[in-house]
Each structure stands twice: as structure tokens, then as C-alpha cells.
Amino acid sequence: MDTDVVKEILRRHDKMKAKRANWDALWTAVTRFVMPALDTYTHKRPQGGEERSVGLYDAFPQQASYRFAAALDSGLTPSNSYWFNLTTGDQELDEAPGVAADLDAIRNVLWREMYRAPAGFNVQRFEAFSSVGVFGSSALLVEDAERKRGARYRALPMANTWFGVNSVGQVDTVHHEMNLDGRQMRQHFGKDAPTEADKDDREFTVLWAVYPRADFEPRLSASARGMRWRSDYVLLSGSAGRDGKRGLREDPGYSEFPVAVGRYITAPGEIYGRSPAIIALPDIRMLNAMKWSIIEQAEMAVDPPLLTSDDTYLSEFAPVPGSRVPGGLTEEGRPLVAPLQTGSQLVVGLDLVEQIRGQIDEGHLGLYFRALVENPSMTATQALLLAQQQGQLLAPMVSRLQGEMLDTVVRRTAAVLFRQGRFPNIGPELRRHLEK
């Protein structure tokens, strides 16, 4: 790989990381409360399985985030029905004899290939939706499976994935850092793997960069210059932290952008999306603080401090069940030991907790799920009406996810299968259109 290309990739990568510093701090705060398993920003997690919920006193935000991802999964990509249709973009051509049947046949192939277990779409799309719920952004890589066996899907963790946008705000650049050991380096890069990867226990950090090709020439479709996007790998660090910034490999590239980016809500001028968890973060922080306060109040109520006299004999008595405290009463029968009455009202605190939970739940689409659970006898018409009411509120966000993320998934999958020759036999009209 050309040295100047490597320098440009590293310069852009440093710039992308610097521009995302504020987001990293925000995501650190969010993951602490909503998805502790993803808390990789302030601590390195070399092994996994650690206890990451220390300091958390209410699991409701985590449950709400999970339900939100499930709502997107079942609402946008239901596994039991087609959630997309195909079009050539030309209504007259779509209605031509045989073309509609061909489009249906292609959709059947896409559906079957996407939901094959080895493709991983079922698992990876839920991870992507979970990322949308926590971070507000997700990245789902659609790549060729080994030996041209369809497509394969992989959700890229946002902790080590960065976006770049074009002049109209569309994501057209993705940088992704991969942490690989020696064995994984040899599997991924083969003969291009560095010599230091000869031992399995050596650790490497590799940057994968996909970005628009400056010298793109569509007429050269048989060469790398005919690919609209470049795909380069740069070694950032090698064994024992040794600096090894150098080019590893330049792939042929991609005709279509290979990463389906999903963003929930974006503010003007911002590249990354804002999630329901980010929007609800003040309530989530308040809920955690309130639960700790209620726990303290409950402990005070169950095991309150005891007020005793200055009598030396009473200063060391043990207040255990069934114990006797000689001298604990005056000659008039008044107790010399009494619990401290703080006057706190747990009921008020619990009511406030439920109120805050409701606000968090509503922001995570909890109203829809709660209505179905609380009304199991709800008719299909009632459920549809409720879904429509929720849909009116969610239409802008849902449309964005459909247009940015799912449309890219379908287009990229179709292109991969078409080049692999896995499309069914189709008529000449549609074939001419696809080969343009």
C-alpha cells in the first residue's frame, strides 16, 4: 500500500477520533446505566464476564432498552413476514409482463439467503437495533460469505467504529479498529499477515477503512478503480504495544457501500444519532439516585438507629431478637432505649420511582408492549390502532432507519447475490436493467 495513502488514512482517523471525543464521554455515561456490558470506554475489558453493575440500583433502564430493541426488531424486520418489496425504480417497468413475477422471485431468494443461519442476520440485526437504542447509531457490515456462499452480516461495535459523511450528511466513510491475536491475523490476512503474527498469543490492532475512491472510474468495472469505495487495512500496533503503523492490505474495494448505518435522531451538524437512552438520561440518573435513597430509608425503617441514655451499662447492649436488656426501663417504666424516628415516607419515594420509570418506559416504546401485556384479549383491530398511534409518533425515526439502514442491507445483499449468480432465472427486461 502506498505510504502516502497510509498517512492520509491515519490523519483522517485521528481527526475522526478527536471529533467524537464528546460522544465517547456521553456514551460512557449512557452505557453505565443502560448497558453495562458495553462499558468499554473508561475501562479495558481484556477477558469479559466481569461484574459491571456496581453502583446501579435499578435494572429498569436496561430492561427498557432491551424491549426497545425488540420493538424495532419485530416492527421493522419481522421474521414471519416479508418486510420489504423490490422495485426497479421505474413504475412502468415494474408493471411490465413478467417483471413483477421476477421481482417476487428475487425477493424470495433474498429472504431465504438473509435468514440462513450461517448468514447471521437474525442475531446481528438485533445487536444493531440494540446499538441504536443505547448509542443512537449502529453499523451493520454486509459482506460476501466465504466461497461465495451468499452474504454474511456483522454488527460493528460503536466503541471502535467511526463515521464520516459527505456534503449532504450521508455516511460514506467508516473506520473500524479490530483487536486480533496472531491466529486471527493469519485467518483474516493470510499471506498478508505480518511476520509477528506467527504466534497465537500476540495481540494486534488493525484499522479497516472504507471510503470513497478519489480516482473512481466507472468504465473500469473490471479493476479496482471501477469500485466506488476503497477498502484498506492499516496495522496500528503489534505485539507488546510495539508501534507498527504501516499498510497491511488494499482490497479490491466495493461497488456499493458495505456498511448499513442506522441512526435514530440526529441534531443539525451532528454525525452520530441520539438514542432514547440519551434523551432519557436525566430521568435514568434520577431513578438510580432515588432508588439508592429509598434503599437507605428502608434500611433505616427496618433497622433504625437506637437512642439510649448515657448509662454505661446500656452503651454496649446487643439489640438482637429475643434478647433481654436489664436496666432498659426506668423505675416509672419508661424505656431508656428507643428507635430514631426520621419521619421519612417510603410510599412517596416509591410513587416517584414509578413515575420516573413510566417516563423512561414511554421513551422506549413501552406503551405499546405494556398495552398488549395488560390486555391479552385485545383484538387485532385494537392492536393495529395502537400500533398506528405509536407509528405516528415514530414515523420520522422509523423512516430514517428504513431508508439508511434497511434499504442499504437489502441493496447490498441483492448486489452480492447477483454477482455470485444466485439470482433465479429472470426475463430479459429485468436482466438488462440490472446489468446497467
Using every non-hydrogen atom in the two residues, find where [X] and [Y] come nearest and quote the distance to one decimal.
X: P118; Y: R152; value: O-CG, 4.4 Å
X: L417; Y: F423; value: CB-CE1, 3.8 Å
X: Y233; Y: V206; value: CD2-CG1, 4.0 Å
X: A260; Y: M405; value: CB-O, 3.4 Å
X: V109; Y: P424; value: CG2-CD, 3.6 Å
X: F33; Y: P61; value: O-CB, 4.0 Å

Sub-3.5 Å donor-acceptor pair from the side chain of [X] to the main-chain atoms of [Y], do we have one?
X: T31; Y: T28; value: yes
X: S137; Y: G273; value: yes
X: T161; Y: P157; value: yes
X: R412; Y: V142; value: yes
X: N160; Y: E177; value: yes
X: Q124; Y: A155; value: yes
X: R112; Y: R107; value: no
X: S130; Y: F126; value: yes
X: D94; Y: T88; value: yes
X: T408; Y: E404; value: yes

Test side chain to side chain contact (heavy atoms under 4.5 Å, CB included) applied to T173 and F257, step by step = CA-CA 9 Å; T173 301; F257 195 57; 5.9 Å; no

Side-chain donor-acceptor contact under 3.5 Å, [X] with [Y]:
X: N122; Y: Y153; result: no
X: N179; Y: E203; result: no
X: S79; Y: R125; result: yes
X: Q63; Y: H364; result: no
X: Y211; Y: D232; result: yes
X: T266; Y: R400; result: yes

Hey, mind stepping through D407 and Q402 against side chain to side chain donor-acceptor pair (under 3.5 Å) and telling me if it holds?
-> CA-CA 6 Å; D407 184 67; Q402 289 175 329; over 6 Å; no

Stepwise side chain to side chain contact (heavy atoms under 4.5 Å, CB included) test for V234 and L248 = CA-CA 5 Å; V234 177; L248 271 180; over 6 Å; no

Between [Y] and [X], is there a side-chain heavy-atom distance shorter than 4.5 Å?
X: V261; Y: S138; value: no
X: L236; Y: L10; value: yes
X: Q187; Y: L180; value: no
X: W162; Y: V174; value: no
X: M114; Y: F84; value: yes
X: P36; Y: Q62; value: yes
X: V6; Y: R246; value: no
X: R228; Y: S255; value: no

CG/D201: more than 12 non-hydrogen atoms of other groups inside 6.0 Å | yes

Would you say M286 has more than 12 foreign heavy atoms packed within less than 6.0 Å of its CE?
-> no

Any chance you could lay out the side chain to side chain contact (heavy atoms under 4.5 Å, CB included) test for R230 and V5, step after step, and finish with the verdict?
-> CA-CA 11 Å; R230 284 188 64 131; V5 172; 3.8 Å; yes

Check step by step if salt bridge (Lys or Arg N to Asp or Glu O under 4.0 Å) holds for D200 and R186.
-> CA-CA 9 Å; D200 293 354; R186 297 193 301 273; 2.6 Å; yes

Please collect all ring-ring contact (aromatic ring centres under 6.0 Å, His included) contacts where either partner lies in residues 268-294, sequence neighbours excluded, each pair once.
-> W23-Y272, W27-Y272, Y57-W292, F163-Y272

State which residues pass salt bridge (Lys or Arg N to Asp or Glu O under 4.0 Å) with [X]; sequence neighbours excluded, sorted by chain then number.
X: D58; result: K291, R357
X: R422; result: E113
X: R149; result: none
X: E92; result: none

Charged N-O contact under 4.0 Å between K17 and D24 = no

Decide, yes or no, whether a salt bridge links R154 with E143 under the criterion of side-chain N to carboxylate O below 4.0 Å.
-> yes

Enter the distance from [X]:[atom1] to [Y]:[atom2] here, rounded to the nearest 0.5 Å.
X: D73; Y: R67; atom1: CG; atom2: CZ; answer: 15.5 Å
X: I284; Y: L287; atom1: CD1; atom2: CG; answer: 8.0 Å
X: R32; Y: L56; atom1: CZ; atom2: CG; answer: 6.0 Å
X: R285; Y: I356; atom1: CZ; atom2: CD1; answer: 14.0 Å
X: L401; Y: L76; atom1: CG; atom2: CG; answer: 6.0 Å

Taking the inter-plane angle between the rings of H175 and H13 on a 0 to 90° scale, is it parallel (under 30°), tilted (30 to 60°) or perpendicular (over 60°)?
-> tilted

Criterion side chain to side chain contact (heavy atoms under 4.5 Å, CB included) on M158 and V134, from CA distance to verdict | CA-CA 10 Å; M158 287 306 301; V134 177; over 6 Å; no

ring-ring contact (aromatic ring centres under 6.0 Å, His included) evaluation trace for Y66 with F129 = CA-CA 9 Å; Y66 176 83; F129 286 140; over 10 Å; no

Audit row: D251, R249, salt bridge (Lys or Arg N to Asp or Glu O under 4.0 Å) steps and yes/no = CA-CA 6 Å; D251 283 348; R249 187 175 74 193; 2.9 Å; yes

Per-pair distances, 0.1 Å, donor-acceptor, side chain in residues 95-106, under 3.5 Å, sequence neighbours excluded:
{"residue": "E95", "atom": "OE2", "partner": "Q91", "partner atom": "NE2", "Å": "3.2"}
{"residue": "D102", "atom": "OD2", "partner": "G427", "partner atom": "N", "Å": "2.9"}

